[in-house]
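In the text below, chain A, chain B and the rest are named by the order of the sequence lines, each starting its count at 1. The figures that follow rest on heavy atoms only: side chains count, while hydrogens, waters and symmetry mates do not.
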There are 2 protein chains.
Amino acid sequence: MGEGDNVTAGFRDARPASAQSVTISDVAEAAGVSRQTVSNVLNAPDRVRAETRERVSRVIAELGYHPNHMARSLRASSPRMIGCRILPVHAETVAAIQDRFLHALAEAGQQCDHHVLLFTAADADAETERCTTLWRAGAVSGVVLYDITPDDARVSRLTAAGVPFTAFGRTATSTEQYSWADVDNAAGAAAAIDHLVAAGHRRIGFLGWPEGSSVGDARARGWLTAMDRHGLLAGSHRLDVRGADTTSSGTRLMAELLDRPGPPTAVVAATDTLAVGALHAVRDHGLIPGRDVAVVGFDDSPAATALGLTSVRQPIEEVGRLVMAEMLRLTGRTSGADGEPPTEPLHLVLTPELVVRASSTPHKDSPLFELDAHPLHP
Amino acid sequence: MGEGDNVTAGFRDARPASAQSVTISDVAEAAGVSRQTVSNVLNAPDRVRAETRERVSRVIAELGYHPNHMARSLRASSPRMIGCRILPVHAETVAAIQDRFLHALAEAGQQCDHHVLLFTAADADAETERCTTLWRAGAVSGVVLYDITPDDARVSRLTAAGVPFTAFGRTATSTEQYSWADVDNAAGAAAAIDHLVAAGHRRIGFLGWPEGSSVGDARARGWLTAMDRHGLLAGSHRLDVRGADTTSSGTRLMAELLDRPGPPTAVVAATDTLAVGALHAVRDHGLIPGRDVAVVGFDDSPAATALGLTSVRQPIEEVGRLVMAEMLRLTGRTSGADGEPPTEPLHLVLTPELVVRASSTPHKDSPLFELDAHPLHP
DNA sequence: AGCTTCCGTATGAACGATAAAAATGAGGGT
DNA sequence: ACCCTCATTTTTATCGTTCATACGGAAGCT
């Protein structure tokens with residue numbers, strides 16, 4: 001005993017005490033109209049007489065009324081939230097584009113009155129399960145995937161579960177129909193090659209990831225194709241090597257290339273991380289990046305800007321915008337009861353952009369060049 | 001049979017079409033109990049007879065029922081969401097700890113059934129307004145601020161608006177009572193000094209930001225205090241300089257220090273970005289970082305790991321946990337009608353940790369050292 | 001038996017908003 | 001006068017959940 005006497009029932013809810021203070025009913029009462037009219041002022045202004053509309057609007061402003069998200073979501077059974085997993089930061093990798101992507105997503109969503117809901121997960125399985133749970137619980141309208149692998153299990157699982165999703169990146173082949181936007185990684189690598197070839201380079205190496213990642217393989221393919229197009233694959237001149245996505249790995253790989261009989265005069269790395277490692281190897285060989293050996297990275301991470309590293313920049317802001325727009329299109333058609341208009345999923349490949357800095361052009365006036373301002377002989 | 005002869009029920013089936021398919025009523029009907037009993041099974045299991053509980057639980061599992069977030073939030077008028085602004089990625093800065101913080105926040109929130117809602121804003125004013133709007137609209141229980149400046153306007157504005165918030169970092173002085181968790185930046189810088197002094201260094205420089213940022217000033221103060229404690233500020237030996245938080249700035253500042261009559265043998269930078277710039281300057285002077293000049297950074301960004309840069313690591317995961325826990329405490333006491341128990345705001349200073357790598361210890365077996373493996377004479 | 005207690009479950013009413021339908025009132029035509 | 005149309009507003013019902021309370025029945029006490 002002692003604890004269980006809640007005889008004072010009905011006593012406990014005196015004040016609101018919580019966030020939501022002013023509701024649509026308060027506005028209605030203050031303006032002398034019904035709730036629905038206030039609602040109409042906000043959602044269908046043309047149905048309300050101008051005079052009334054103005055009066056209600058004034059009261060709304062005076063009271064500082066904001067429609068309650070949760071109530072609106074419940075009624076519309078559309079939470080106007082997009083779920084997205086945030087990956088733990090991997091220490092070895094300099095080039096994290098996650099924050100850029102999340103920012104782009106949040107920005108794009110905000111334009112359409114949607115928000116991004118962050119969640120974490122230990123692995124892809126846990127992610128799939130969380131996505132499903134969140135969606136079943138009506139917490140999100142859909143989810144956004146990124147960092148897609150060629151045979152990503154998430155795609156089939158979410159499709160099977162019926163969870164609406166769009167992806168940044170795509171699987172190799174998939175029987176499932178889903179919307180994705182991807183960056184043409186091959187074209188990005190090719191652009192780097194073209195740039196280097198135009199600068200006079202002939203022996204151009206490539207530092208890549210081990211095979212099996214769609215992004216890594218595409219970038220490697222881009223190198224191969226472009227090199228072939230320029231007729232630079234003659235004989236045994238395959239200057240491409242693979243390794244883990246770490247700076248030390250980049251250094252090792254680059255050192256290996258530089259120690260070969262016919263060393264490269266330029267190298268394209270699959271990531272900025274590898275490129276940073278490559279820069280070290282170049283210096284270790286007593287060479288100057290940009291002057292003696294050109295280095296191009298991938299992803300245009302902050303580190304690239306900071307180090308004057310030429311890099312391939314993905315149009316992530318646009319990807320974010322597209323992915324979000326597609327998400328809205330997918331989840332927007334809730335009432336599609338009749339006929340199921342065959343909405344084609346979005347499959348869009350965007351072209352990345354080469355950002356040229358000192359590491360591939362010793363003549364430019366940029367940080368790296370300034371640092372290593374040796375006398376030039378152009 | 002004996003269960004299903006509800007002939008008239010077949011009329012309302014109207015395809016689910018939307019996310020929310022199975023509701024608490026469905027479970028109740030299938031289990032032959034009332035809504036409330038199902039609710040009790042989930043929220044107050046001890047009120048339900050074991051047998052009933054088990055039966056209901058089984059049905060819940062079978063139907064794959066998940067309580068609707070929006071409905072629950074509406075009823076409880078607590079969205080179980082924490083708002084947090086995501087800053088655009090600044091290209092010049094290598095050391096972004098934002099993603100680490102957001103991840104920590106999301107992780108901590110998830111433990112307590114809360115989620116992080118991301119939003120963007122052009123500046124602090126816009127952020128304040130968005131926070132207020134989100135809170136008024138009942139979209140978030142509260143918000144988390146970070147990157148606090150000494151006289152941050154957000155604190156007073158949000159306090160005035162009544163928006164619950166906690167902060168990572170603190171203002172210089174504030175009449176407002178608010179909860180914050182901060183990292184002892186001065187202690188971090190001091191730890192770096194101690195480490196360097198223990199390694200035999202006497203002339204230790206400091207690269208900092210211009211005055212006016214609480215973080216930057218605290219790190220500078222830490223340098224000054226520690227240097228003084230070791231009696232290393234004798235005469236005109238003030239080897240501290242200030243500049244913008246970019247690598248090029250770091251290079252310039254470090255070069256200036258190295259060109260002085262009594263150049264430093266070690267330097268502590270206020271950020272990894274500056275430290276990376278300093279590494280460049282060291283190399284430009286024909287010196288080897290770690291062997292000839294020790295460099296210590298701040299924030300332990302991925303770049304630090306990648307480059308073998310000794311750095312001061314902030315316990316951001318713990319900050320995230322604390323900030324989230326405090327947020328829950330703040331917003332949790334909704335029913336505090338009586339007496340307003342004087343809940344002390346949280347003011348907690350955490351100690352960062354020095355992560356020693358090659359840039360300050362040439363004997364270690366780490367990437368940078370491997371790179372620059374010159375014969376040593378210890 | 002009659003009364004209270006207590007446990008387990010069921011019912012009604014919110015939470016705040018909106019879609020759909022109904023009501024109100026002002027013209028307009030015959 | 002009558003009915004019809006149109007514009008404007010109000011009423012009703014509902015989204016899915018939980019709080020407060022009511023209710024039925026078994027046990028305990030007198």
Side-chain angles (χ1 to χ4, degrees), chain A residues 1 4-13 16-29 31-56 60 65-80 136-139 334-335, chain B residues 12 14 16-29 31-56 60 63 65-80 136-139 334-335:
Chain A
M1 35 278 209
D5 64 296
N6 45 359
V7 200
T8 60
F11 219 102
R12 53 197 318 178
D13 57 358
S18 169
Q20 188 70 25
S21 39
V22 42
T23 77
I24 200 173
S25 296
D26 298 330
V27 175
E29 193 176 353
V33 294
S34 70
R35 291 193 309 273
Q36 187 61 37
T37 299
V38 179
S39 176
N40 285 338
V41 167
L42 293 171
N43 303 315
D46 52 309
R47 285 194 200 159
V48 182
R49 189 163 42 137
E51 186 198 339
T52 313
R53 191 191 317 145
E54 200 174 326
R55 177 161 41 99
V56 171
I60 286 177
Y65 165 73
H66 293 275
N68 185 295
H69 267 61
M70 299 303 151
R72 205 199 276 255
S73 295
L74 174 60
R75 185 61 234 252
S77 51
S78 151
R80 303 181 89 79
R136 290 246 178 88
T334 51
S335 57
Chain B
R12 56 183 322 188
S18 169
Q20 188 69 28
S21 39
V22 42
T23 76
I24 200 172
S25 296
D26 297 330
V27 175
E29 192 176 354
V33 294
S34 70
R35 294 190 310 273
Q36 187 58 39
T37 299
V38 179
S39 176
N40 285 338
V41 167
L42 293 171
N43 303 315
D46 51 309
R47 283 194 201 161
V48 182
R49 191 161 39 133
E51 185 197 341
T52 313
R53 192 192 316 145
E54 199 174 329
R55 177 161 40 99
V56 172
I60 286 176
L63 298 186
Y65 166 73
H66 292 275
N68 184 294
H69 267 60
M70 298 304 151
R72 205 199 275 257
S73 295
L74 174 60
R75 184 63 237 250
S77 48
S78 151
R80 302 180 88 79
R136 291 247 177 87
T334 51
S335 57

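- Regarding B:E29, its CD atom lies at a distance of 18 Å from the P atom of C:dT9, rounded to whole Å.
- Rounded to whole Å, atom P of C:dC15 lies 14 Å from atom CD1 of A:I24.
- Distance CG (A:N68) to P (C:dT18): 10 Å, rounded to an integer number of Å.
- Note that the two end axes of the helix from C:dA1-D:dT30 to C:dT30-D:dA1 enclose an angle of 70°, each drawn from 5 base pairs, rounded to 10 degrees.
- In terms of the salt bridge (Lys or Arg N to Asp or Glu O under 4.0 Å) criterion, A:R55 has no residue partners (sequence neighbours excluded).
- A:D46 places its CG atom 14 Å from the C1' atom of D:dT9, with the value rounded to the nearest Å.
- Taking every heavy atom of both residues into account, A:H69 and B:A139 meet most closely at CG-CB, 3.7 Å.
- Annotation: side-chain hydrogen bond (donor to acceptor under 3.5 Å, both in side chains) contacts of A:T52 (sequence neighbours excluded): none.
- Applying the side-chain hydrogen bond (donor to acceptor under 3.5 Å, both in side chains) criterion to A:T37, with sequence neighbours excluded, gives A:S34.
- The minimum heavy-atom distance between A:A28 and A:R35, with the atom names listed, is CB-N, 3.6 Å.
- Listed by chain and number, the residues in a side chain to side chain contact (heavy atoms under 4.5 Å, CB included) with B:L42 are B:I60, B:Y65, B:P67 (sequence neighbours excluded).
- Using a 4.0 Å cutoff on non-hydrogen atoms, no part of residues 47-54 of chain A comes near DNA chain C.
- Shown here for A:A71 and B:L74, the closest heavy-atom pair between the two residues is CB-CD1, 3.8 Å.
- In this structure the side chain of A:V48 never reaches within 4.5 angstrom of the side chain of A:V56, judged on heavy atoms.
- Annotation: side-chain hydrogen bond (donor to acceptor under 3.5 Å, both in side chains) contacts of A:S25 (sequence neighbours excluded): none.
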Protein-nucleotides 10-13 of chain D N/O pairs under 3.5 Å:
{"unit_1": "D:dT10", "atom_1": "OP2", "unit_2": "A:S34", "atom_2": "N", "d": "2.9"}
{"unit_1": "D:dT10", "atom_1": "OP2", "unit_2": "A:S34", "atom_2": "OG", "d": "3.0"}
{"unit_1": "D:dT10", "atom_1": "OP2", "unit_2": "A:T37", "atom_2": "OG1", "d": "2.8"}

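- Taking 4.0 angstrom as the limit, A:N43 places a side-chain polar atom (N or O) nearer than this to OP1 or OP2 of C:dT18.
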What are the atom names and distances for every N/O pair under 3.5 Å that joins the protein to nucleotides 25-27 of chain C?
none

Protein-nucleotides 22-25 of chain D N/O pairs under 3.5 Å:
none

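- For C:dT18, one of the phosphate oxygens OP1 or OP2 lies less than 4.0 angstrom from a side-chain nitrogen or oxygen of A:S39.
- Under the 4.5 Å side-chain criterion, counting only non-hydrogen atoms from C-beta, B:N68 is not in contact with B:T23.
- The side chain to side chain contact (heavy atoms under 4.5 Å, CB included) check on A:R80 picks up A:S78, A:D113, A:H114, with sequence neighbours excluded.
- Applying the side-chain hydrogen bond (donor to acceptor under 3.5 Å, both in side chains) rule to A:S73 yields no partners; only residues at least two apart in sequence or on another chain are considered.
- Nucleotide D:dT17 holds its P atom 15 Å from the CZ atom of B:R80, rounded to whole Å.
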